[in-house]
Amino acid sequence: MSSSSSKPPEDQPLSSREEHKLLEVFRETFEKRHPNPNRVGCPGTEKLRALAFHEQLPEAEAVVTHITKCSPCYTEYSAFIKQRKLRHLLIPLAAAAFLVLGCAIWLLRAPIPKVIAPVNPPVVKTPEPAPPSPFPPEVQPNTREVQVVVLDLRNRGVTRGASSNQEPDLDLPKGRLKLTIYLPIGSEEGEYEVRISGQQKGIVATTKGQASMQNHLDVLTVDVDMSSLPAGKYSLAIRQAGWGWNRYPLQLKR
């Protein structure tokens, strides 16, 4: 087979590896050592740009050969390569910025439902029938009724560290509780973790639940047993899985 059969066509643009090798190997040699102030025999700016931007160029091989012998053409060719790489970098960044801007405009124009938050959300108790027990009150087993308690956090400030003393305490009764928590505005659906901590005892209760959108509210429902805890001040911590904790002051009633 003739050696000419394996030779690539002359109009084939340089690959990224060939282009990088050309720039690195000949940088010192051709950047200053082949001055051509009168630009004799230069192929012209359009051909140099076509070669740098990987456009079809029938005389690509001849242009490459000239670049290795002409410092001005080498410098101009290098500048076009930098422009091409910068363009390839800016296009995806511009697309991402356009997407973020579009989402922001949509959120600003979306109607916000008007919700009237109760000042003190009521505690709704749902009794469960229980047979009479022979045990005295002080050793009564933990079979008491489950209480449904609503905690409204929509207008509460977010505290990342220790619970804030400027917010009024959330009130909880003792017993077995089903907490219906209205999450702060802007919360997302998904899995959430809930912790209750005492000032001296550390974490005293943990639970998990799935938050969902209900009547334009982000609602999280979890079960927690506060039967054996003494009355006093506690801290309620809530976070979406993988994110930081938001803490709220809590008062456990007698």
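Atom-to-atom distance recorded for Leu220:CG and Tyr182:OH is 12.0 Å, nearest 0.5 angstrom. Note that the CD atom of Gln240 and the CG atom of Leu183 stand 9.0 Å from one another [nearest 0.5 Å]. Annotation: the span from Ile181 atom CD1 to Ile238 atom CD1 amounts to 4.0 Å, rounded to 0.5 Å. Note that the CZ atom of Arg247 and the CZ atom of Arg195 stand 8.0 Å from one another [nearest 0.5 Å]. Note: Asp169 CG to Lys233 NZ = 3.5 Å, rounded to the nearest 0.5 Å. Note that the SG atom of Cys42 and the CG atom of Asn36 stand 4.5 Å from one another [nearest 0.5 Å].
Salt bridge annotation for Arg176-Asp225: absent, with no cationic side-chain nitrogen under 4.0 angstrom from a carboxylate oxygen. Ion pairing between Glu76 and Arg49 fails under the 4.0 Å rule for side-chain N and carboxylate O. The pair Arg239-Glu193 meets the salt-bridge criterion, with a side-chain N (NZ, NE, NH1 or NH2) lying under 4.0 Å from an Asp/Glu carboxylate O.
Remark: the backbone N or O of Asp223 is paired with a side-chain donor or acceptor of Thr207 at under 3.5 angstrom. In this structure, Lys174 contributes its side chain and Leu229 its backbone to a donor-acceptor pair below 3.5 Å. Under a 3.5 Å cut-off, the side chain of Arg84 and the backbone N or O of Ala52 do form a donor-acceptor pair. Side chain of Asn38 to main chain of Val40: no donor-acceptor pair is present (N/O by atom type, distance under 3.5 Å, no hydrogens or angles). In terms of modelled atom types and a separation under 3.5 Å, the side chain of Glu189 and the main chain of Asp218 share no donor-acceptor contact.
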(request) Could you give me the CA-CA distance, side-chain angles and deciding distance for Leu153 and Leu170, then say whether side chain to side chain contact (heavy atoms under 4.5 Å, CB included) is met? (result) CA-CA 9 Å; Leu153 305 180; Leu170 297 167; 3.7 Å; yes
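Partners of Gln210 by side chain to side chain contact (heavy atoms under 4.5 Å, CB included), not counting sequence neighbours, listed by chain and number: Glu191.
Between Leu250 and Ile196 the shortest side-chain heavy-atom distance falls below 4.5 Å. Side-chain contact between Tyr248 and Pro184 is present, with heavy atoms from C-beta onward closer than 4.5 Å.
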